[in-house]
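Lettering of chains follows the sequences in order, A, B, ..., and the numbering in each one begins at 1. The analysis underlying the following values was restricted to heavy atoms, covering all of them including side chains, and did not include hydrogens, waters or symmetry mates. Since the structure is predicted, the reported quantities are computational estimates derived from the model, not experimental observations.
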Amino acid sequence: MPELPEVETTRRGIEPHIKGLRIEAVEIRNPRLRWPVPQNLSDSLAGRQILAVERRAKYLLFRTDGSQTMIVHLGMSGSLFILKDATAGRAPGPHDHLDWLFSGGTRLRLRDPRRFGAVLVTEGEPLAHYLLRHLGPEPLESGFTPDYLYEAARSRRVTIKQLIMDSRVVVGVGNIYASEALFLSGIRPGRACHRVSRPRFHVLRDAIVNVLQEAIGQGGTTLRDFVREDGRPGYFRQQLNVYGRSGLPCHVCGTQVRQRRIGQRSSFYCPICQQ
DNA sequence: ACGAAGCCCTGCAAGC
DNA sequence: TGCTTGCAGGGCTTCG
């Protein structure tokens with residue numbers, strides 16, 4: 001579900017509420033996520049203080065004052081929210097699988113209807129964890145350059161949309177923002193990536209960066225499940241040009257937006273604006 | 001090494 | 001109304 005902007009929105013939302021607090025206990029109501037939540041999660045985290053909540057790709061990294069870092073992935077339908085004061089005693093719903101209880105009564109709750117999310121604990125440097133080790137550059141950091149993308153595209157035989165959604169190439173670009181970035185770049189999603197010209201990678205890199213930054217500024221995109229730490233939705237949905245707009249007029253030229261499946265995923269584009 | 005496909009799970013919308 | 005079918009924002013794993 002959540003792509004990079006939604007995960008970053010979540011990170012920014014929860015970090016100020018739990019930074020510096022100590023974990024007192026973890027309540028696991030349903031351990032059956034993508035992988036079973038470790039039985040000893042509460043034992044291994046109890047007493048630990050949260051030093052920072054960081055993000056790598058779509059993984060949230062909860063750094064502690066011990067050797068452990070907790071890794072949380074929201075999968076397709078996960079959200080984290082903060083309960084405290086008046087809401088602290090709110091009863092969990094059927095998909096509220098985990099609560100972290102902090103010193104002072106703050107509670108962090110994971111809701112994940114589809115249970116594609118994950119909660120794990122790693123020792124030592126979390127970036128060396130096997131799930132994170134092979135990830136490509138962050139799109140909002142300096143390693144993500146047009147030349148880098150061009151070089152990655154030259155040796156591959158996939159469509160441009162599949163290229164930018166490949167986490168070995170660049171992380172955090174999911175199905176929504178891939179379609180949007182390609183619209184803003186004027187590139188058809190089904191174009192073979194090695195047939196995209198070098199100058200167009202400058203446009204594409206900028207479009208990816210811009211659409212992700214804009215979406216973060218709007219608190220992400222809420223289609224169905226995503227809510228922020230306080231329960232509010234993200235407001236980027238109003239800015240979507242093509243995603244989910246099949247048959248509706250292109251905002252630029254009025255032509256009907258088309259939908260087609262590329263690599264198992266729905267892709268949206270304007271047949272006039274994108275070539 | 002790369003690329004395609006399968007699979008994990010629930011909820012919802014569309015179609016009959 | 002009630003059933004069936006397909007589809008959904010991810011990504012690990014397996015297979016070719």
Side-chain angles (χ1 to χ4, degrees), chain A residues 1-10 29-37 55-60 71-80 93-98 110-120 122 129-136 139 151-182 189-190 192-194 208 211-212 215-216 218-228 233-247 259-268:
Chain A
M1 135 197 218
E3 303 186 29
L4 186 149
E6 292 73 39
V7 179
E8 179 62 20
T9 295
T10 298
R29 282 177 290 273
N30 184 356
R32 292 161 49 223
L33 300 183
R34 166 182 284 282
W35 302 290
V37 175
R55 179 188 59 73
R56 172 73 173 112
K58 296 171 187 167
Y59 295 92
L60 289 167
I71 302 176
V72 174
H73 196 290
L74 298 176
M76 272 171 96
S77 60
S79 47
L80 285 169
H95 303 301
D96 294 342
H97 306 310
L98 260 81
L110 173 69
R111 174 175 299 172
D112 186 5
R114 288 177 66 183
R115 293 196 274 119
F116 283 6
V119 176
L120 35 147
T122 186
H129 190 274
Y130 73 101
L131 290 171
L132 309 188
R133 199 186 308 164
H134 302 292
L135 294 172
E151 290 300 329
R154 280 211 304 178
S155 60
R156 290 167 200 262
R157 293 295 177 268
V158 292
T159 65
I160 189 67
K161 177 160 181 275
Q162 289 171 298
L163 182 84
I164 62 175
M165 288 182 68
D166 186 337
S167 63
R168 295 167 297 181
V169 175
V170 58
V171 300
V173 183
N175 205 33
I176 296 178
Y177 299 111
S179 278
E180 292 300 312
L182 288 166
C193 67
H194 66 284
I208 291 171
V211 77
L212 294 177
I216 291 170
Q218 299 285 312
T221 301
T222 296
L223 293 180
R224 182 175 297 164
D225 300 308
F226 177 71
V227 290
R228 293 187 249 180
Y235 298 116
F236 192 72
R237 187 174 188 170
Q238 285 92 318
Q239 332 274 322
L240 296 178
N241 282 296
V242 285
Y243 185 85
R245 298 194 63 248
S246 181
Q259 176 173 2
R260 97 168 240 232
R261 286 188 86 72
I262 296 170
Q264 320 274 73
R265 314 298 293 274
S266 285
S267 309
F268 301 86

Please tabulate the protein-to-nucleotide N/O contacts below 3.5 Å involving nucleotides 1-6 of chain B, giving atom names and distances.
| from | atom 1 | to | atom 2 | distance (Å) |
| --- | --- | --- | --- | --- |
| dG3(B) | OP1 | R157(A) | N | 2.6 |

List, with names and distances, any nitrogen or oxygen atoms from the protein found under 3.5 Å away from nitrogen or oxygen atoms belonging to nucleotides 12-16 of chain C.
| from | atom 1 | to | atom 2 | distance (Å) |
| --- | --- | --- | --- | --- |
| dC12(C) | OP1 | Y59(A) | OH | 2.5 |

What are the atom names and distances for every N/O pair under 3.5 Å that joins the protein to nucleotides 10-14 of chain B?
| from | atom 1 | to | atom 2 | distance (Å) |
| --- | --- | --- | --- | --- |
| dT10(B) | OP1 | R115(A) | NH2 | 2.6 |
| dT10(B) | O4' | P113(A) | O | 3.4 |
| dG11(B) | OP1 | H95(A) | NE2 | 2.5 |

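Under a 3.5 Å cut-off, the side chain of R114(A) and the backbone N or O of G75(A) do not form any donor-acceptor pair. Here the side chain of E180(A) pairs a donor or acceptor atom with the backbone of V242(A) at under 3.5 angstrom.
When each of A57(A) and R261(A) is assigned the nucleotide of DNA chain C bearing its nearest heavy atom, the one mapping closer to the 5' terminus is R261(A).
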>> Assess the residue pair I216(A) and L4(A) against the criterion (side-chain contact (heavy atoms from CB on, under 4.5 Å)); give the C-alpha distance rounded to whole Å, side-chain angles, the decisive distance to 0.1 Å, and a yes or no.
In response: CA-CA 8 Å; I216(A) 291 170; L4(A) 186 149; 4.0 Å; yes
> Would R115(A) and H97(A) count as a side-chain contact (heavy atoms from CB on, under 4.5 Å) if you check the C-alpha gap in whole Å, the side-chain angles of each, and the deciding distance to 0.1 Å?
Replying inline: CA-CA 9 Å; R115(A) 293 196 274 119; H97(A) 306 310; 3.4 Å; yes
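Within the 4.5 Å cutoff, side-chain heavy atoms of P139(A) are placed close to those of V171(A). Considering only heavy atoms from C-beta on, S246(A) comes within 4.5 Å of F268(A) through its side chain. A 4.5 Å side-chain heavy-atom check between N175(A) and Y243(A) finds at least one atom pair inside the cut-off. Between K161(A) and S179(A), some side-chain heavy-atom pair lies under the 4.5 Å cut-off.
Taking the side chain of E3(A) as heavy atoms from C-beta on, and the options dA8(C), dG9(C), dC8(B), the nearest nucleotide is dG9(C).
Taking atom CZ of R237(A) as the reference point, atom P of dG9(C) lies 12 Å away to the nearest angstrom. I71(A) places its CD1 atom 14 Å from the P atom of dG11(C), with the value rounded to the nearest Å. The interatomic distance linking D112(A) (CG) with dG11(C) (C1') rounds to 14 Å, in whole Å. Atoms CZ (R265(A)) and C1' (dG10(C)) sit 6 Å apart, rounded to a whole Å.
Between the NE2 atom in H73(A) and the CG atom in D112(A) there is a gap of 10.5 Å [rounded to 0.5 Å]. The structure places CZ of R237(A) at 8.5 Å from CD1 of I176(A), a figure rounded to the nearest 0.5 Å.
Cation-pi geometry between R56(A) and Y59(A) is not met at under 6.0 angstrom from the ring centre and within 45 degrees of the axis.
Look at the P atom in both dG6(B) and dG6(C): the space between them is 14 Å, to the nearest Å. With P as the reference atom, dG11(C) and dC12(B) are 23 Å apart, rounded to whole Å. Across dC7(C) and dA5(B), the matching P atoms stand 15 Å from one another, rounded to whole Å.
Scanning for side chain to side chain donor-acceptor pair (under 3.5 Å) contacts around T122(A) gives an empty result, with sequence neighbours left out. With sequence neighbours left out, the side-chain contact (heavy atoms from CB on, under 4.5 Å) criterion links R168(A) to R156(A), D166(A).
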> Once Watson-Crick and G-U wobble pairs under 3.5 Å are found, how is DNA chain C written in dot-bracket notation, 5' to 3', with | for any base paired to another strand?
Replying inline: .|||||||.|||||||
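Where stacking is scored as ring centres under 5.5 Å apart with planes under 30°, F116(A) registers as stacked on the base of dG10(C).
Ring geometry for F236(A) against Y177(A) counts as tilted: the plane angle lies between 30° and 60°, on a 0 to 90° scale.
In this model, the phosphate group of dG9(C) is approached by a side-chain N or O of Y243(A) to a distance below 4.0 Å at OP1 or OP2.
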